[in-house]
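Remember, it's 1-based here, ligands and their atoms both numbered in the order they're listed. For the numbers below, each heavy atom of this structure counts, side chains included, while hydrogens, waters and symmetry mates do not. Numbers for residues simply follow the sequence, beginning at 1.
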Amino acid sequence: MTLHKLIPNHIAIIMDGNGRWAKSRNQLRMVGHRAGLKAVRKTVQHASLIGIKALTLYAFSSENWKRPEQEVSSLMSLFVYALKREAKTLHKNNIRLNIIGDISRFSAQLQTMINDIQAMTLNNTGLILNIAANYGGRWDITNAIKNIVHKIDNGQMSIDAIDEEIVNSEISLHDFPAIDLVIRTGGEHRISNFLLWQIAYSEFYFTDILWPDFDRKALDEAIAVFNKRERRFGQVIDS
Ligand code: IPE
Ligand code: IPE
Ligand code: MG
């Protein structure tokens, strides 16, 4: 195992390339998503082992509903299958599972499963595993605005009290460490409406590796590159 100087507190991953992975093998896209689930398992295991505090995985974007109905429903079934299969193992490994995104659009069965597993793992002290499902960065910010306006409407706060801290407190993941590193697999160099507010000072790492091929070595490589970056946060660092 690679020993890193610095382990990022929080890594977020855009897991892209499942479809192309399957296509290159003349298989259906769904075969790629299933192989992607295996890569999730490996990545979670390794992240937990090397002491990453939080891992946030982009599983389904608010735009992914635009895919063919067959693919969307297969992805939902895979999600249910994965939660059912992995819940106990995650709990046993002291991992806390947290879903971010608008889960109200999911089936009642899936919503119940999500709530149950979140409750079961709430007090676990190991890796925090956030799964972004029906998540969009713009949805997140819009939702924060709604909540703030609601509080003003109720007389709980005044407009003048709004500052970055208040906005932040309404945005997903605010209670976890800041995101140090965003990884995107699959060769595209874009955010695709993943976290927006949260990545103001994150480092970015893009790799051509297709998500189903992502493994321990690939995660170690991303962290090694992260270790070479100089983060300045707008300041001047004397050399
Ligand atoms: C990412 O893989 C997984 C999801 C969006 C659910 P894709 O399905 O986007 O794979 P490509 O980009 O078509 O290869
Ligand atoms: C981003 O990948 C969403 C997830 C990985 C869940 P997409 O494949 O949906 O993004 P685009 O369409 O290439 O921007
Ligand atoms: Mg894609």
Side-chain angles (χ1 to χ4, degrees), residues 10-44 47 54-86 97-107 110-111 113-114 128-143 171-173 179 181-199 202-215 218-219 222:
H10 191 165
I11 297 182
I13 308 182
I14 302 174
M15 310 182 289
D16 196 24
N18 294 351
R20 279 163 285 164
W21 184 91
K23 198 171 174 205
S24 73
R25 286 164 172 73
N26 285 319
Q27 302 266 22
L28 295 173
R29 292 179 59 82
M30 207 43 221
V31 176
H33 295 314
R34 271 187 228 120
L37 177 59
K38 290 195 183 137
V40 169
R41 216 173 279 139
K42 281 190 231 165
T43 305
V44 169
L55 178 69
T56 298
L57 303 177
Y58 203 9
F60 192 86
S61 79
S62 35
E63 286 70 36
N64 288 148
W65 295 104
K66 295 177 193 153
R67 294 187 177 200
E69 210 183 302
Q70 170 76 44
E71 181 170 350
V72 171
S73 70
S74 302
L75 277 168
M76 293 300 143
S77 307
L78 187 65
F79 202 21
V80 170
Y81 165 82
L83 283 180
K84 259 193 201 148
R85 214 189 113 131
E86 305 299 329
L97 187 84
N98 184 46
I99 307 292
I100 59 166
D102 182 5
I103 67 162
S104 68
R105 208 170 151 186
F106 293 146
S107 69
L110 188 48
Q111 290 186 46
M113 285 180 71
I114 287 172
I128 298 154
L129 174 61
N130 301 300
I131 304 289
N134 191 20
Y135 179 87
R138 288 178 174 173
W139 164 83
D140 203 349
I141 294 170
T142 307
N143 193 49
I171 298 261
S172 303
L173 307 178
I179 292 166
L181 175 64
V182 177
I183 297 172
R184 181 170 186 144
T185 63
E188 314 290 0
H189 296 182
R190 55 178 172 254
I191 282 295
S192 302
N193 200 16
F194 192 28
L195 311 160
L196 296 176
W197 173 275
Q198 298 91 333
I199 56 169
S202 307
E203 297 293 323
F204 289 85
Y205 177 82
F206 297 101
T207 170
D208 289 339
I209 296 176
L210 301 172
W211 177 251
D213 292 326
F214 197 82
D215 57 9
L219 183 60

Side chain to side chain contact (heavy atoms under 4.5 Å, CB included) test vs Ile11 passes for just one of Leu55, Leu57, Thr43, namely Leu55
Within less than 4.0 angstrom of ligand 2, does Arg67 place any heavy atom?
yes
Honestly, for Phe60 the part within reach of ligand 2 (heavy atoms, under 4.0 Å) is backbone
Interatomic distance, CZ@Arg34 vs CH2@Trp21, rounded to 0.5 Å, equals 10.5 Å
The answer for which part of Ala59 has a heavy atom under 4.0 Å from ligand 2 is backbone
Item checked: Arg20 N/O under 3.5 Å from ligand 1 N/O -> yes
Measuring from non-hydrogen atoms of Gly17 to any atom of ligand 1, is the shortest distance under 4.0 Å? yes
If you compare Ile191, Leu57, Asp16, Asn64 by their heavy atoms, the one closest to atom 9 (O) of ligand 2 turns out to be Asn64
Ligand 1 atoms nearer than 4.0 angstrom to some heavy atom of Met15 are 1 (C), 2 (O), 3 (C)
So the atoms of ligand 2 within less than 4.0 Å of a heavy atom of Arg184 turn out to be 2 (O), 10 (O), 11 (P), 13 (O)
Closer than 2.8 Å to the Mg ion (ligand 3): does that hold for any N, O or S atom in Asp16?
yes
Can you find a heavy atom in the side chain of Asp16 that is under 4.5 Å from one in the side chain of Trp211? no
Practice problem: Classify the angle between the aromatic ring planes of Tyr135 and Trp139 as parallel (below 30°), tilted (30 to 60°) or perpendicular (above 60°). | Solution: perpendicular
Atom 14 (O) of ligand 2 sits nearest the protein heavy atom Ser192 OG, 2.6 Å
Does the protein place a non-hydrogen atom closer than 4.0 angstrom to atom 12 (O) of ligand 2?
no
Would you please determine whether Gly32 falls within less than 4.0 Å of ligand 1 on a heavy-atom basis? no
| message | Does atom CZ (Arg41) have a neighbourhood of more than 12 heavy atoms from anything else shown, all under 6.0 Å? | response | yes
Checklist entry - Would a 4.5 Å heavy-atom cut-off, applied to side chains only, mark Ser202 and Val182 as touching? => result yes
Looking only at non-hydrogen atoms, the one of Thr185, Asn18, Val72 nearest atom 2 (O) of ligand 1 is Asn18
- [ ] State whether the shortest distance between N or O atoms of Gly19 and N or O atoms of ligand 1 falls below 3.5 angstrom.
- [x] yes
Flag side-chain contact, heavy atom, 4.5 Å: Met113 against Phe79
no
Atom 4 (C) of ligand 2 has as its nearest protein heavy atom Tyr58 CD2, 3.8 Å
So for atom CD, which belongs to Gln70, do other residues, nucleotides or ligands contribute more than 12 heavy atoms lying within a distance under 6.0 Å? no
Short side-chain to backbone donor-acceptor contact, Asn98 and Asn130, under 3.5 Å:
no
NZ of Lys23 to CG of Leu210, rounded to nearest 0.5 Å, is 12.5 Å
Note: Arg190, heavy atoms under 4.0 Å from ligand 2, region reported as side chain
Checking heavy atoms under 4.0 Å, the part of Lys23 that sits near ligand 1 is neither
Counting from 1 in the order shown, the ligand 1 atoms closer than 4.0 Å to a non-hydrogen atom of Arg29 are 7 (P), 8 (O), 10 (O), 13 (O)
Tightest non-hydrogen contact, residues Arg190 and Arg184, listed as O-NH1, 2.7 Å
Handout entry: Ile179 backbone acceptor or donor facing Gln198 side chain under 3.5 Å
Key = no
* Give yes or no for whether the N/O distance cutoff of 3.5 Å, strictly under, is met between Trp21 and ligand 1. => no
